[in-house]
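The next block holds one structure in the form of structure tokens; read it before the comments.
Numbering of ligands and ligand atoms starts at 1, following listing order. Side chains included, hydrogens not; waters and symmetry mates left out as well; all remaining heavy atoms used.
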Amino acid sequence: MTARVLNGKELAEQVRATVRAGVADFVKAHGRAPGLDVIIVGEDAASVVYTRNKEKAALEVGMRGNLHRLPAQTGEAELLAIILRLNDDPSVDGILVQLPLPKHIDSDKVILAIDPSKDVDGFHPVNAGQLAIGRADRALVPCTPRGCMKLLALAGTPLAGARAVVIGRSNIVGKPVAQLLLAEHATVTIAHSRTRDLPAVCREADVLIAAVGKPEMVRGDWVKAGAVVIDVGINRVSDSANPGKTRLVGDVAYDEAAERAGAITPVPGGVGPLTIACLLENTLLSAKRRAG
Ligand code: NDP
């Protein structure tokens, strides 16, 4: 079997087009554009690119986007003061603080300071709690897990009763995507670094989601024939075909897995593009809810 490739780039474009139309309607109704404020502390090269892309994406769909670039030595109190100011600013619908933060700042404290109704990353315990009690409709749900669910919808996989295995239990990806699968009535297993015989656990999966951060860890013979494989991993490795160069790979050995899977996401071009598209959706949703 050769798997159907789930094109995240194309799907993300569709999501962005829908958001763009929603933003235009919002502006007509409320006389202002939804606003997304992104904060970065320090100069981590990858984070700088991610945050610039988020601001740019907001502007492209007609939102007000604002990137706050703070120096690495910014104190926790100063960062918290900026967040409180944005919480109180009615033109701000989404606040996103790029993680990881420098070590001298307590990221839990920072996440807690964000008004949950503006927490477009969905990391605040109020939003995580709403998702955990089955009230995603009241929450802002983390973007990458929502992207995974959109890709599963694209695959057309029936989720009710399906066996789903999520590898990874982070608060950002593993746990929330498991909650979303559970809400769709899948039978969900969350695997992690202590899981015994991970290949055997994975072979049970009709839906396999890898969010580990280990290049090509999931091998082809871990995949059940016909399963849908969603690869969240983004890993930079040296490119043996181009000495001195690097390339991106996922957590799944793509070529091997594609031989057995029914559908699979590529890296890059799978989950990645949907993360920013879902951030825009969350910002529009927040703006609409806050405007009543
Ligand atoms: P974390 O490092 O927070 O979590 C990794 C998880 O993988 C942990 O739960 C860990 O288990 C588990 N794990 C580690 N090693 C193994 C192993 N050998 N066997 C089984 N489980 C293992 O990562 P994130 O969740 O933040 O990210 C995961 C990947 O997704 C990364 O590659 C990241 O770059 C990517 N990512 C991609 C995004 C996108 O937009 N496409 C967005 C966010 C992340 P334990 O808890 O026991 O330590």
Who clusters with W222? Use side-chain heavy atoms, under 4.5 angstrom, across I, L, V, M, F, W and Y, and order the result by chain and number. V5, V165, I167, L198, V201, L208, V212, M217, V218, V223, V229, V252, Y254, I264

Any salt bridge between E60 and R20, counting N to O under 4.0 Å? no

So how far is it from [X] [atom1] to [Y] [atom2], rounded to the nearest 0.5 Å?
| X | Y | atom1 | atom2 | result |
| --- | --- | --- | --- | --- |
| N282 | N127 | CG | CG | 8.5 Å |
| L159 | D206 | CG | CG | 9.5 Å |
| H68 | L96 | NE2 | CG | 11.0 Å |

Contact summary for L140 and P116, nearest pair of heavy atoms: CD1-O, 3.5 Å

The answer, listing residues by chain and number that come under 4.0 Å of ligand 1 through any heavy atom, is T144, I167, G168, R169, S170, V173, H192, S193, L198, A211, V212, G213, K214, M217, V232, G233, I234, N235, V271, G272, T275

